[in-house]
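Please read the structure below before turning to the comments.
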Amino acid sequence: MATIGTDISQAKQILENGQLVAIPTETVYGLAANAFDITAVARIFEAKNRPTFDPLIVHTHSLEKVNEFVEEIHPNLLKLAQTFWPGPLTLLLPKKNNIPDLVTSGLDRVGVRIPKHSLTLELLKQLSFPLAAPSANPFGYISPTNAKHVNDQLGSKIDYILDGGSCQVGLESTIVGEEQGEIIIYRLGGLAIEAIEKIVGTVSVQLNQSSNPKAPGQLKSHYAPKKPIFIGNINELQYQYADKKLGIITFGDGHISKSNMIIKNLSPSKNYQEAAINLFSFLRELDASSVDIILCELLPEESLGLAINDRLRRAAS
Ligand code: TXA
Ligand code: MG
């Protein structure tokens with residue numbers, strides 16, 4: 001198992017040696033390595049069992065640093081960066097040659113993010129290189145939102161987990177880029193579309209659902225628990241699966257619990273942020289519990305409800 005702690009200098013030393021460290025961010029925990037070191041980056045793919053066609057996001061601490069490895073930033077994307085960084089926003093930007101092709105899976109753009117977490121920002125400031133980091137989970141499984149989640153699944157494959165507590169957003173970053181002057185959302189995430197549109201006007205959404213994604217590794221089936229998961233009207237589903245032990249994920253008004261079920265309410269008061277924080281933990285808890293299947297209902301299609309529904313659909317796919 002990995003060492004879990006808050007020692008930035010130890011994390012720094014391991015990263016400088018080309019090894020892996022799990023880092024806390026406000027979205028989910030990342031599995032980090034020196035983005036300029038191909039051998040170190042290759043270790044990420046190996047530890048996660050991740051196909052190399054799925055590119056990695058590069059994390060740093062300032063716009064000045066971003067300019068060291070990207071060619072230029074479209075004015076509208078710059079506005080987004082200035083408004084929302086540090087925060088749950090990843091920008092796809094034209095890369096310079098110092099970013100290895102392995103990081104971007106051969107694409108011309110690199111995903112860049114300044115995360116909002118004091119420990120990780122301090123670590124990034126002390127390093128001379130940016131950190132490539134995907135979510136710190138085995139490929140295709142639910143993203144980790146605390147240090148224990150990381151240790152449970154990847155503890156044997158990494159040296160150190162920097163423990164920054166539970167993630168304050170709980171959903172991966174929203175991925176945004178620009179094509180022919182148009183601002184495009186490639187992955188719904190912890191920054192709501194409504195907030196982005198306030199800054200740059202109407203955007204288009206291009207969620208990739210193929211099995212060989214061109215942009216965000218938005219595989220149709222992803223974020224998936226091992227137990228079967230079904231989406232729909234809970235009352236109907238509950239009746240349909242009456243012979244099973246049920247895990248139920250709801251939002252808003254309470255559901256009456258029966259003996260054959262475990263109910264997890266994402267947010268009794270219908271608060272989207274609270275729901276986002278709870279989503280991945282609840283999926284993990286139910287996956288590790290005695291239930292046979294997981295039933296869930298979709299949230300209203302607005303604000304973070306959009307990203308939460310996206311994750312539920314992929315989990316059920
Ligand atoms: O919130 C987050 O974004 C977290 C934290 C750790 O920063 N990271 C994360 O990474 O969710 P990952 O690898 O699990 O998901 C990142 C997605 C992938 O689906 C990948 O395909 C896409 O971003 N992506 C990364 N670089 C890209 C690029 N150059 N072009 C298109 N898509 C890219
Ligand atoms: Mg991921």
Side-chain angles (χ1 to χ4, degrees), residues 20-33 35 41 44-45 47-61 69-70 84-96 99-117 120-121 124 130-145 149-150 153-154 161-162 164 167-179 184-191 206-224 276 280 307 310-311 314-315:
L20 308 180
V21 171
I23 53 167
T25 83
E26 79 285 27
T27 59
V28 301
Y29 274 68
L31 182 57
V41 170
I44 296 178
F45 286 94
K48 276 192 61 121
N49 207 2
R50 177 178 175 118
T52 51
F53 64 72
D54 197 3
L56 308 178
I57 295 172
V58 173
H59 300 71
T60 189
H61 62 88
F69 57 87
V70 312
F84 297 114
W85 278 348
L89 167 73
T90 292
L91 296 177
L92 298 187
L93 302 169
K95 81 177 192 76
K96 284 188 178 157
I99 295 288
D101 284 335
L102 181 59
V103 170
T104 62
S105 305
L107 297 168
D108 300 333
R109 293 189 293 185
V110 58
V112 184
R113 185 163 107 78
I114 301 183
K116 190 174 183 173
H117 193 291
T120 292
L121 283 173
L124 287 165
L131 292 174
S135 53
N137 51 278
F139 182 68
Y141 196 69
I142 307 161
S143 296
T145 52
H149 290 167
V150 180
Q153 288 189 304
L154 293 179
I161 301 173
L162 194 58
C167 299
Q168 296 296 299
V169 171
L171 286 176
E172 301 85 351
S173 59
T174 302
I175 300 180
V176 183
E178 170 270 329
E179 289 179 42
I184 299 171
I185 311 263
Y186 300 95
R187 177 174 75 181
L188 299 167
L191 179 64
Q206 279 183 23
L207 307 181
N208 209 319
Q209 306 237 335
S210 77
S211 58
N212 185 14
K214 140 191 153 198
Q218 290 288 57
L219 298 169
K220 199 163 177 233
S221 167
H222 217 68
Y223 313 103
F280 290 150
D310 172 85
R311 301 302 186 272
R314 286 176 207 277

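First listed ligand is number 1; within each ligand, the first listed atom is number 1. Numbers for residues simply follow the sequence, beginning at 1. These numbers were taken from a predicted model, which means no experiment stands behind them.
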I want to know if ligand 1 touches [X] in the polar sense, i.e. an N/O pair below 3.5 angstrom.
| X | value |
| --- | --- |
| Thr27 | yes |
| Ser173 | yes |
| Lys48 | no |
| Tyr29 | no |
| Glu172 | no |

**OP:** Give the intermediate values and the outcome of side chain to side chain donor-acceptor pair (under 3.5 Å) for residues Thr90 and Arg187.
**Re:** CA-CA 9 Å; Thr90 292; Arg187 177 174 75 181; 5.0 Å; no
Subject >> Close side-chain approach of Thr25 to Val169, heavy-atom, < 4.5 Å >> reply: no
Minimum heavy-atom separation for [X] and [Y], please, with both atom names.
| X | Y | result |
| --- | --- | --- |
| Pro144 | His149 | CB-CB, 3.5 Å |
| Leu207 | Tyr186 | CD2-O, 3.5 Å |
| Leu191 | Pro88 | CB-O, 3.5 Å |
| Gly164 | His117 | O-NE2, 3.0 Å |

**OP:** Using a cut-off of 2.8 Å, count how many protein N, O or S atoms are strictly closer to the Mg ion (ligand 2).
**Re:** 1
Original post:
Lys95 near ligand 1, heavy-atom distance under 4.0 Å?
Top reply: no
Original post:
Between Glu26 and Arg113, is there a salt bridge with N-O shorter than 4.0 Å?
Top reply: yes
Original post:
Are any of the side-chain nitrogens in Lys95 or Asp101 under 4.0 Å away from the carboxylate oxygens of its partner?
Top reply: yes
Original post:
Should the heavy atoms of other residues, nucleotides or ligands under 6.0 Å from CD of Gln168 be counted, would the total exceed 12?
Top reply: no
